[in-house]
Amino acid sequence: MGVTLIVGDDHKVVEVLELPCSLSGCSPHELSLCEKMKQPRGCPDEVNCKNAHTMEELEYWKWSLIHKVLEKVPNYSALRERYSYTPNEVWLSATQVGIDQKLSAENYVNKFHHLICLDEIAHCQTMATLCNGMVTVKQHKWYERWNHKEVLMLKLCGMEGAAMDYAVHGHAVVHIPLGQSEIECNVFQRDAVEDALLLHLPNVKMPPLPRNPVYVHFEINHMYFDGLHSAVDYLNQYAVSKLFPNEILLKQGTSGKYLTPAEKAAIKEFTLDKEYQINALRRMISSDPRVPFLVIGPFGTGKTRILAAAVSALLCDPKSRILVCTYQHQCANSLYKILFKNYRHCIMRLVPNQQAAKVATYDLSASRQSTNEELGVYLQRYTGINVLLKKKVIVTTFLTATNLKKKETEHQQLHFSHILIDEGAQAREAESLGALAVVKEETKVVIVGDHKQSGPKVAVLSELAQEYELGVSLLERLFNLYKSKRSGGGINNHTASLLTNYRCHSSILAFTSSLFYQHTLLSRSASETHPLAPYPQVFTCTSIDKNSKNLPAEDRHEARVLVEKLESFRQPMAKKSSKTESGGVGFSKKTG
């Protein structure tokens with residue numbers, strides 16, 4: 001079957017063949033151009049040949065192999081029929097892919113499916129362009145602080161810092177050729193000391209590693225984008241109605257109820273200020289279930305503390321059941337640790353995999369002897385609906401919360417009185433929807449965050465998807481909706497602001513307050529000025545990519561000299577920390 005492609009800035013039109021079924025199981029790097037095309041008459045059996053006959057056809061076949069998993073995603077096949085593949089999306093118009101209409105309750109699901117697909121294509125192209133190349137593969141011993149043991153990993157040397165960071169952020173899969181075979185490894189993290197990319201070893205017998213550099217192929221983790229599609233698909237009518245409150249509801253204010261003596265006692269340990277934090281707490285626990293309530297707080301204003309206090313106050317009501325969702329596991333672990341000491345028998349930390357469980361239990365247990373169940377840490381794959389129903393509070397991340405919908409049955413439903421969303425301005429709106437997968441009509445939704453900080457836009461690589469607001473967070477979209485003239489003052493009716501900063505030095509706070517917050521932030525930090533600092537703010541470069549090809553020659557030399565000085569300072573510190581923190585074995589991640 002033929003496919004028409006429109007390629008490049010000049011909109012070149014070419015005809016290619018679909019990927020032969022016999023090649024559907026191979027890896028992209030195994031595909032090649034037909035050698036017979038170099039002959040004057042070309043390939044005599046072009047229809048049945050298993051090699052590509054043009055560069056455009058080769059690129060299209062590679063793209064087909066990379067995206068074969070996505071054919072199973074709902075609506076993806078239908079989307080792909082709307083336009084042909086191109087390595088460059090400049091020729092696409094918004095009308096062609098159906099995303100030019102303003103976001104509404106009617107087109108919400110369809111539009112987000114389209115935007116997610118466009119961004120996935122852009123990430124595939126960026127991953128291949130930025131990360132694929134020649135590297136040196138070595139073995140590496142890594143000290144796992146949560147297991148107190150060394151594990152064997154692979155190390156890729158010779159990559160640029162930007163490429164390594166992107167591979168880590170994208171949870172990439174690396175295809176490494178070893179002799180006549182190939183292995184697939186999941187990216188672990190960047191080793192800042194040796195400036196190399198660490199990979200998990202696969203559960204297969206390893207052939208000998210090559211001594212010379214080899215060409216490796218990177219692939220994005222499609223599971224993340226599959227999760228975004230699932231979060232959109234699981235939206236019910238109650239969630240959509242909350243996401244698009246009407247003008248009448250926006251004009252109705254929320255004054256906030258007075259706290260009962262039991263609630264005051266429950267939040268006493270958090271020492272909230274009366275000026276902003278207590279007011280926000282009162283309003284968020286008594287908000288209108290038909291309109292999400294927003295708590296806008298810049299850095300250091302106690303957003304996580306208020307969420308923990310809200311959970312404590314809400315648990316005074318025996319009917320309360322609370323779902324707390326965050327963007328990152330680190331934030332979820334911090335919040336869970338605060339709540340666990342008082343509510344260990346009714347709280348659960350739901351994690352997606354064993355690695356997240358290890359980190360959660362390490363952060364929680366000082367003795368490291370407790371089991372996951374004793375610490376309330378559960379793997380979502382093995383946690384049934386009966387276990388979930390026994391817990392009054394579930395703490396998890398957005399996309400892990402999406403799986404809660406799969407646990408429900410016709411006779412057993414998860415009913416949460418409150419869904420509290422932290423870091424609501426950091427994730428794509430589609431990702432935040434995972435927290436609303438099990439929302440019901442009576443559920444109150446509270447979103448906490450700061451839309452002035454760098455949000456999800458930096459993670460959206462498709463220019464078309466950015467233009468049509470895939471890079472806008474749910475908190476920011478609702479904030480702009482409440483602020484609009486037609487809402488009639490909804491910005492004050494359904495939001496609370498936190499303006500007192502308890503973390504940052506007053507001089508630094510004044511600098512950021514003037515740039516981004518219209519001089520509204522107040523400082524109550526006890527931070528002292530460093531005696532050696534000659535200015536109120538001193539900007540320090542903490543990371544230099546000495547392998548960067550984008551720096552001018554003189555800057556590259558200066559960067560390498562500076563990196564060598566930094567490394568000479570780090571090495572004795574690393575040895576000292578390794579002996580004191582890990583008994584002389586391995587390397588301390590903190591020092592690195």
Side-chain angles (χ1 to χ4, degrees), residues 238-239 241-245 249-250 252-257 259 263 266-267 270 272 276-298 301-317 319-327 331-332 335-336 338-339 347 392-398 401 404 414-427 429 431-451 473-479 481-482 490-498:
Y238 305 121
S241 66
K242 294 175 193 292
L243 295 173
F244 294 92
L249 293 176
L250 290 176
Q252 298 173 2
T254 304
S255 58
K257 74 178 189 72
L259 301 178
E263 290 170 340
I267 67 170
F270 298 103
L272 305 181
Y276 294 107
Q277 295 176 339
I278 288 291
N279 174 59
L281 176 68
R282 287 174 49 211
R283 296 181 65 196
M284 57 193 285
I285 63 178
S286 59
S287 58
D288 189 336
R290 298 169 296 178
V291 184
F293 189 80
L294 311 180
V295 179
I296 310 297
T301 53
K303 297 187 292 294
T304 301
R305 179 183 292 268
I306 284 185
L307 275 178
V311 172
S312 300
L314 291 170
L315 286 178
C316 294
D317 183 353
K319 296 180 181 179
S320 292
R321 294 195 76 248
I322 307 158
L323 174 64
V324 182
C325 287
T326 70
Y327 174 48
C331 182
L335 190 56
Y336 184 76
I338 295 172
L339 295 169
I347 192 171
K392 306 249 324 164
V393 182
I394 297 176
V395 180
T396 188
T397 51
F398 295 140
L404 293 174
L414 292 167
H415 290 269
F416 292 102
S417 59
H418 292 76
I419 294 178
L420 308 181
I421 297 176
D422 197 7
E423 299 181 308
Q426 300 303 306
E429 179 166 349
E431 186 168 354
S432 301
L433 298 180
L436 305 181
V438 289
V439 76
K440 302 296 187 292
E441 185 177 11
E442 69 280 3
T443 305
K444 296 179 180 180
V445 178
V446 177
I447 308 175
V448 179
D450 178 19
H451 60 286
S473 67
L474 176 59
L475 181 143
E476 184 176 0
R477 185 181 68 80
L478 290 176
F479 181 83
L481 174 66
Y482 297 175
I491 189 65
N492 297 318
N493 295 336
H494 302 284
T495 65
S497 297
L498 306 174

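On a predicted model such as this, the values are computed, not experimentally measured, just so you know. Just so you know, these numbers use all the heavy atoms, side chains as well, and skip hydrogens, waters and symmetry mates. The first residue of the sequence shown is numbered 1, and numbering continues consecutively from there.
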Q: Can you tell me if His494 uses its side chain to pair, donor with acceptor, with the backbone of Leu249 under 3.5 Å?
A: yes
Q: Using a 4.5 Å cut-off on heavy atoms from C-beta on, say whether the side chain of Thr301 contacts that of Tyr276.
A: no
Q: Which value, rounded to the nearest 0.5 Å, describes the distance between Phe398 atom CZ and Leu433 atom CG?
A: 10.0 Å
Q: Can you tell me how far apart CZ (Arg290) and CD (Gln252) are? Round to the nearest 0.5 Å.
A: 5.5 Å
Q: Does some side-chain heavy atom of Val448 sit less than 4.5 Å from a side-chain heavy atom of Leu420?
A: no
Q: Return the CZ to CD1 distance between Arg321 and Ile419, rounded to the nearest 0.5 Å.
A: 11.0 Å
Q: Any heavy-atom pair between the side chains of Ile278 and Ile267 that's under 4.5 Å?
A: yes
Q: Does the side chain of Val295 come within less than 4.5 Å of Lys303's, by heavy atoms?
A: no
Q: Do Val395 and Val311 have side chains that get closer than 4.5 Å, going by heavy atoms?
A: no
Q: Are any non-hydrogen side-chain atoms of Ser312 and Leu339 less than 4.5 angstrom apart?
A: yes
Q: With sequence neighbours left out, what residues match Glu429 under salt bridge (Lys or Arg N to Asp or Glu O under 4.0 Å)?
A: Arg477
Q: Supply the atom-to-atom distance Leu481 CG to Leu294 CG, rounded to the nearest 0.5 angstrom.
A: 9.5 Å
Q: With rounding to the nearest 0.5 angstrom, report the CD to CG distance, Glu476 to Asp450.
A: 10.5 Å
Q: Output all residues satisfying side chain to side chain contact (heavy atoms under 4.5 Å, CB included) with Ala437, sequence neighbours left out; order by chain, then residue number.
A: Tyr234, Lys405
Q: Measure the shortest side-chain to side-chain distance between Cys325 and Asp422 over non-hydrogen atoms and say whether it is less than 4.5 angstrom.
A: no
Q: When you compare the side chain of Glu442 with that of His415, does any pair of heavy atoms fall below 4.5 Å?
A: yes
Q: If you measure from OG on Ser417 to NZ on Lys392, what distance do you get to the nearest 0.5 Å?
A: 8.0 Å
